[in-house]
Amino acid sequence: QVQLVESGGGLVQAGGSLRLSCAASGRTFSSYAMGWFRQAPGKEREFVAAISWSGGSTYYADSVKGRFTISRVHAQNTVYLQMNSLKPEDTAVYYCNAGDPTGIVTMPFSPSDYWGQGTQVTVSS
């Protein structure tokens, strides 16, 4: 099983930037495709971005495309989500997920049961 811990959330003004980190430990982390999801109050958890094991393939929800960038550094067992040009509607709890254990991303992204506890992102106007 993979254990995931998100960090980097906080309060930021609209137009600002924030970088989230997902630190992973446990079995087969380096082989997993990874994804970021978010959940706003009263809403369903939604897909944000995904990255293959190699890091060579990335995918984004239309709502964040061009503003967010997902990346990973295997040596640190860490997946990042760089968020630029933040909008109030980006406010949510952000979760990372260890998805496909083959390392290949298929869309729509199918999350596994390996979730972090989430990190709160609040964007003020």
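What's counted below: heavy atoms across the whole structure, side chains too, no hydrogens, waters or symmetry copies. In this chain, numbering begins with 1 at the start of the sequence shown. Treat the numbers as computed from the prediction; the structure is a model and nothing was measured.
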Is the number of heavy atoms from other residues, nucleotides or ligands under 6.0 Å of E89 CD greater than 12?
-> yes
Cluster link V123 to V93, ILVMFWY, side chain under 4.5 Å | no
Using the side-chain contact (heavy atoms from CB on, under 4.5 Å) rule, take R38 and T119 through it: C-alpha gap first, then chi angles, then the decisive distance, then the call.
-> CA-CA 9 Å; R38 66 187 182 186; T119 185; over 6 Å; no
Scan residues 31-78 for pairs that pass disulfide (SG to SG under 2.5 Å), counting only residues two or more places apart or in two chains.
-> none
Compare all side-chain heavy atoms of V79 with those of I70 and state whether any distance is below 4.5 angstrom.
-> yes
Carefully, step by step, assess E6 and W115 under the rule side-chain contact (heavy atoms from CB on, under 4.5 Å).
-> CA-CA 9 Å; E6 301 94 339; W115 295 96; 5.8 Å; no
List the steps and the verdict of side-chain contact (heavy atoms from CB on, under 4.5 Å) for Y32 and D100.
-> CA-CA 6 Å; Y32 275 77; D100 195 330; over 6 Å; no
Can you tell me how far the OG atom of S63 sits from the CZ atom of F47, to the nearest 0.5 Å?
-> 9.5 Å
Is there a side-chain contact (heavy atoms from CB on, under 4.5 Å) between L18 and V121 once you walk through the steps?
-> CA-CA 9 Å; L18 210 58; V121 172; 4.0 Å; yes
Pair Y95 + F37: ring centers closer than 6.0 Å = no
Tell me whether Y60 is reachable from I51 by hopping between hydrophobic residues (I, L, V, M, F, W, Y) whose side-chain heavy atoms are closer than 4.5 Å.
-> yes
Nearest heavy-atom pair of P88 and A14: which atoms, and what distance?
-> CD-CB, 4.1 Å
Side chain proximity check, Y114 to M34, heavy atoms < 4.5 angstrom = no
Side-chain heavy-atom pair N97, F109 within 4.5 angstrom cut-off | yes
Ring-ring centroid check W36 F68, cutoff 6.0 Å = no
To the nearest 0.5 angstrom, please state how far the OG atom of S21 sits from the CZ atom of R72.
-> 13.5 Å
Check G56 against S52 and note the closest heavy-atom contact, atom names and distance.
-> N-OG, 3.4 Å
Transitive ILVMFWY side-chain link V64 to V105, under 4.5 Å = no
Just how far is it from atom SG of C96 to atom CG of L20, taken to the nearest 0.5 Å?
-> 9.5 Å
What pairs of donor and acceptor atoms, side-chain ones from residues 80-87 against any protein atom, are under 3.5 angstrom apart with sequence neighbours left out?
unit_1	atom_1	unit_2	atom_2	d
Q82	NE2	N84	OD1	3.0
N84	OD1	S17	OG	2.8

For atom CD of Q3, is the number of surrounding heavy atoms from other residues, nucleotides or ligands below 6.0 Å larger than 12?
-> no
Within-4.5 Å side-chain heavy-atom neighbours: L11 and Q120 | no
